[in-house]
Number of protein chains: 2
Amino acid sequence: MEGNSVAMKGREIILGILKNGPHTGYEINDILQTRLNHFFDATFGMIYPTLKKLEAEGLVTKQQVTQTDKPNKNIYQITDTGMTVFQKALREPTSDDILKSDVLMRLYFSEDLADNDICTFLDEEIRRKSDKLAALQAQLQTWLDQGMTETQRITFDYGVASYNATLAVLKAARSKYNI
Amino acid sequence: MEGNSVAMKGREIILGILKNGPHTGYEINDILQTRLNHFFDATFGMIYPTLKKLEAEGLVTKQQVTQTDKPNKNIYQITDTGMTVFQKALREPTSDDILKSDVLMRLYFSEDLADNDICTFLDEEIRRKSDKLAALQAQLQTWLDQGMTETQRITFDYGVASYNATLAVLKAARSKYNI
DNA sequence: CAATACATGTAAGTGGTTACATGATTAG
DNA sequence: CTAATCATGTAACCACTTACATGTATTG
């Protein structure tokens, strides 16, 4: 039906982040939540087990750091093997993106719903997307200061454009209801 | 961290399609691939087992139809219990949408990639999105003729807007490379 | 005095995906 | 002769998700 390419998964994505310097699981989550949030979802429940597996496979190494004022932490660093694995994955053919929108699904099926309910859905989504757009835009300057590649800029612009375009449709739809 | 709402899954989505009339698994796939394609991914490997579970739970009933010119088929119809389950799910609080973009991921990490490789990624994605946009727009008239609700129109407009906005960013990025 | 930032992990579950298996008819 | 349309299913796998468990220091 489609090509047999396989998307980069948590494994490769964590390797990619580690490629630019050693990090803790907590920091990896932070990067994922702020800069990649509009095209990837991360949870600690995925990050820590993946880091453990990566270490067992020899793709990363762990360094334990004892801290007195804060909890102890584990700093992970990518190995040469890890680097090779990542570089190979990066060059595979790309695969289709995957979008699952619960709100669009509700709208699709909402013919027997009251206008009031539909407006609640729309309002919720407008709020959510506005917040995400604001969060993304808020850290552009920091990102630029810390070093943003040209291709990372594309991912940023993509996010902003996507949020703006979909927000416009959502708001236009919302304005047709007198509630 | 976030609300505890749970998105509608394959189960509820199939019930939703069956709510508007009986269908075979094959037809359900068709609807999903054409009208909901931009916000939901369906495969036969998910549809048939789900239909089986739904039948076991008494939410749908199966009617076997023997055909001579084509393979036999099973027509599924929603039951009253199925209807109740669906209507309840529809009224739950909505949850965040989920986007996983392999291409944006590659772009994010592509600093050590040659311009040539980046262009390949961009071209692939432009092609894919153009095709999907064309496919979506191509069946607007059929959809309107067969009966499109106002809220379904929102999901259509959302798709078109999203494709157009992201295509614009992709094309602008592509035009910066002289390849 | 509550929330947030810092920090790491496990166990159980699940909602799928991928690959395989089968096969007739029709259109180009 | 090839591809597409019609049509249904299973088995194995797996990458996560959800929920739980634990704790300090700082900020408002």
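If you're wondering where the values come from, they're calculated on a predicted model, not measured in any experiment. Every chain is numbered from 1 and lettered A, B, ... according to where its sequence line falls, protein lines coming before strand lines.
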Problem - Heavy-atom closest contact (B/Asp102 atom, A/Thr94 atom, distance) - result: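 Closest approach of B/Asp102 to A/Thr94, heavy atoms only: OD2-CA, 3.4 Å.
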
Completion exercise
Of all heavy-atom pairs linking A/Met8 and B/Arg106, the shortest is CG-NE, 3.4 Å

Counting the atoms with a prime plus P, OP1 and OP2 as sugar-phosphate, which does [X] contact under 4.0 Å by heavy atoms, base, sugar-phosphate, or nothing?
| X | answer |
| --- | --- |
| B/Gly45 | base |
| A/Thr50 | nothing |
| A/Tyr76 | sugar-phosphate |

[X] has a side chain; which of [options] sits nearest to it?
| X | options | answer |
| --- | --- | --- |
| B/Tyr48 | C/dT17, D/dT8, D/dC6 | D/dT8 |
| B/Lys9 | D/dT17, D/dT8, C/dG16 | C/dG16 |
| A/Lys52 | D/dT5, C/dT10, C/dT17 | C/dT10 |
| A/Pro71 | C/dT10, C/dG16, C/dA7 | C/dA7 |
| B/Thr24 | C/dA7, D/dT8, D/dT17 | D/dT8 |

Practice task
Please determine if a side-chain N or O atom of A/Gln67 lies less than 4.0 Å away from the OP1 or OP2 oxygen of C/dA7.
Solution key: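 Answer yes for this pair, as a side-chain N or O of A/Gln67 is under 4.0 Å from OP1 or OP2.
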
Practice task
Look at A/Asn74 and C/dG9 and indicate whether a side-chain polar atom (N or O) is within less than 4.0 Å of OP1 or OP2.
Solution key: yes

Separation of atom [atom1] in [X] from atom [atom2] in [N], rounded to whole Å:
| X | N | atom1 | atom2 | answer |
| --- | --- | --- | --- | --- |
| A/Glu27 | C/dT8 | CD | C1' | 13 Å |
| A/His23 | C/dA7 | NE2 | P | 13 Å |
| B/Met46 | D/dT10 | CE | P | 15 Å |
| B/Asp69 | C/dA27 | CG | C1' | 15 Å |
| B/Ile47 | D/dC6 | CD1 | C1' | 14 Å |
| A/Ile98 | D/dT17 | CD1 | C1' | 15 Å |
| B/Asp41 | C/dG15 | CG | P | 17 Å |
| B/Leu51 | D/dA7 | CG | P | 14 Å |

Practice task
Show your working on ring-ring contact (aromatic ring centres under 6.0 Å, His included) between A/Phe39 and A/Tyr158 and close with a plain yes or no.
Solution key: CA-CA 10 Å; A/Phe39 60 92; A/Tyr158 188 108; 8.1 Å; no

Problem - Residue A/Glu57 excluded, over 12 heavy atoms near CD under 6.0 Å - result: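 Yes, enclosed.
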
Practice task
With A/Asp96 as reference, evaluate B/Arg127, B/Lys132, B/Lys100 under the salt bridge (Lys or Arg N to Asp or Glu O under 4.0 Å) test and give the passing residue.
Solution key: B/Lys132

Handout entry: Upstream residue (5' side of DNA chain D) when B/Lys100 and B/Ile75 are each assigned their closest nucleotide
Key = B/Ile75

